[in-house]
Amino acid sequence: MDFMDAFYFSTLSKRSKQLVHNAKYSVMSIDFMFEKNSKNDHIDVATDDKWLKISLSDSNDHSERYPNSIDGLKLASLINEPSDDYRKKLSTHLFFICHFRDTKVCIMRNIEPLCDLFLWSIQKTFRCIFVTLTGSISMKPEDLQFVLNSLESRTYCLNFTLDDSSNYKYREQLGCEHFEVSGSIQWLDTDDFLERNPQMKYFTLDDLPGKQINDLLKQWINGQVNGLESMDFFNSFGYPDEVLKMVEQQKTPKFGLLKCPFALREEVIRNMEFMDTFHFSTLSKRSKQMVHKAKYQTMFIAFRFEEDSRDDHIEMEIKHGEDDHIEMEIKHAENLKISLSDSNDSSETDQKPLDGRKLASLIDGTSGDYRKKLSAHLLFIFHFEVISVQIGRKIENVDDLFLWSIRKQFDSVGIMTQQEITPEYLQLVLNTAKAKEYYLDFKMDDLNFKYQLKDCESLDASGSIQWLDMDGILQRNPQMKHIHLEELPGKHINDLLKQWINGQVTDLENLEFFNRRGYRDHVILDGIGTMKTKLKEDQAIRIFMYWTNDGRKVDIQRKIDGKFATVHVNRLGCYVHMWHESELSKI
Amino acid sequence: MSSTEQGTSSAAPAEPTTAPESAAAPEVPESFYYVHGKDKVVHKVSAGALQHSALIHGMISNLGYTEEQAKANPFPFENIDGDILQMVVDWCNQHKGKPTPPEDTNLPKQKEKLFDLVLAVNYLEIKELLTYCCKQVAMMVKGKSPEEIREIWMIPTDAEDEAAEKEAKKRAGKEAAGETAAAAGDAK
């Protein structure tokens, strides 16, 4: 039946009324609308195909009822029930005969007294309650208390200004899933809000102070499991980032790392960021030891003593993860500079380094020299693949340099300075700091001094070169692989090639010599048996960085094992590459 | 695929996938095993998903259980909370037969459960998930000051460590003395 037909039929008798009730006549929704003007009060009924409005005006003149509405008084008069209030009679009848799938109430004015409204004696539970008081109308705290406490709804949409708003606070459970507040907000006590309303799914609050938003976020982070899906906050002035920053400080729950097995702790440490690991290592002796044992991987550390001592620093390249792919490694590489200035002033540098003094102050222990404390700590806790020292000036009292008391063995040592170096200074450095690789570029006037370098694998020397004793250099350095020398006289190269031809098996792989005036091939190859090179052009180009079409290209052969070396002398320099016949096809 | 059953296992054996007509050989039906945690809720997991766990894979590799035997003998992990085991099982199912991408959005993110999850994953030897979990733990202290790290990871100071060590020694001494006295009493 049509809704109105069903209504009329239900008014015929008690039996017909009961019949409609028993038929469970289903209607989509019923909304009770209490408008700004009570003459416009009405019921909205939505059936599956119609939208009906029934006037609930409290005026005696029903001709002034809500536009296009059916006269509720007339409908109520059809119902054979005694009642002082036709609205109550009609509403009760409708709730009895129909099954409304959705019920709403919308209050748009102050109703005096609200708690005595006829509707509450019929229905106190709704799907949605709207209270929208606009203009100069304000809500009384007792009415708000009544709406929230005495009525039940899954949704509250509240938009009003509250009387006495400075004092009243609503602290009780709301019992709803969806909550929207605009207008006044200060009446809402947000302390333990989520705990009081665990069933809340989403709420929208306007003009809530940022501090309270921050508190609500913390309630969610630290609270129990609840059904909350979203919180929206609006403010015409926007909210500052501090709302979140304050949360960020709070949001990390605690984690008892020391309760984890050793292997697990170490895996966690290996996954930490470099500076986090450093900070962690400063917490206690135990944490320092943990980082050491975790073998945190880093690419290199270089102790750099610059031309200006205020620029002295540690340079590190840090590797994250264990990517085998070389491009990934480059992508993940991160450089870090820590100042090791011996002065409180800092010079103008391109990159602002981390303050070494500050970092050292985090490390427990006493040390007169912060640089020593910091360097020792870094070298203990981290495992660097390459450790090097680069000296860029003539350091005063270099024999007392703080670094030597921590470490004397390095992967590479460099002395590269424009300043003139004395034989004593060079001896002090090279006798103290031992390395596999040396990068030496400086000037020395002394023409008589000779230094016998030992146990070196790679040598790169330029500037002055006469201090380097070339006699028996391959015998003293059997593991030498690469030699790069500038301005070495041709007869010394000739001697070096003879050392290789007549000597024992060594690891030598290549030699490079540069000379501003070029080399004469007959000087270099004087007294040496040569052969036409077996290297093809394309092989030579692959091997030699400076292979040119001009100059001389010959092979020489070591006596002891028959290993070959190709010698190429051109206008730029002299280059030698050692190879074994069995390797030729692979080149 | 997985199912969770309260108390006892009642999951039906998986239906073998119907091979397409053009396929040369019929697919071998996947075998399933059953695990339960502290809460005794049994999870049905495919052998393929369980391969992520070196521990379980080692346990099942030589069993040769039938479906019925597997059902009757769920692997008990009494040291793992039920919700944690559920997370682990879900992850194993999602990554069955495929490597974990560097940024895995399917991984469990509940920080409050991270400690239990890390311990469980470590125990079950699920290498890829463990690496991810360890990264998550490491990220908890990213950019924090030393004292913040101390607080988050609950790292005692040297003084606290020393006091705890003294206390442990004292307790061990007392226990040793008690045992000596008890042994002397027995001898009498």
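A, B, ... follow the sequence lines: proteins, then strands. Residue 1 opens every chain.
- Using a 3.5 Å distance cut-off with no hydrogens or angles, the side chains of B/Ser53 and B/Glu125 do not pair a donor with an acceptor.
- Surrounding CG of A/Asp355 are more than 12 heavy atoms belonging to other residues, nucleotides or ligands, all under 6.0 Å away.
- Highest contact tally toward chain B, considering only A/Thr277, A/Leu283, A/Asn271, is held by A/Leu283 [criterion: heavy-atom pairs under 4.5 Å].
- Chosen from A/Arg265, A/Lys285, A/Lys259, A/Met275, the residue pairing most often with chain B at heavy-atom distances under 4.5 Å is A/Lys285.
- The pair A/Asp369-A/Arg371 meets the salt-bridge criterion, with a side-chain N (NZ, NE, NH1 or NH2) lying under 4.0 Å from an Asp/Glu carboxylate O.
- By the neighbour-count criterion of 12 heavy atoms within 6.0 Å, atom CD of B/Glu151 is sparsely surrounded, having that number or fewer from other residues, nucleotides or ligands.
- Annotation: residues 161-169 of chain B contacts chain A through B/Asp161, B/Glu162 [non-hydrogen atoms, separation under 4.5 Å].
- Looking at residues two or more places apart in sequence or on another chain, you find a salt bridge (Lys or Arg N to Asp or Glu O under 4.0 Å) between B/Glu147 and B/Arg150.
- Rounded to the nearest 0.5 angstrom, A/Leu258 CG and A/Ser284 OG are separated by 7.5 Å.
- A/Leu362 touches chain B through its side chain: at least one heavy atom from C-beta onward sits under 4.5 Å away, while N, CA, C and O do not.
- Atom CD of A/Gln199 has more than 12 neighbouring heavy atoms from other residues, nucleotides or ligands inside a 6.0 Å radius.
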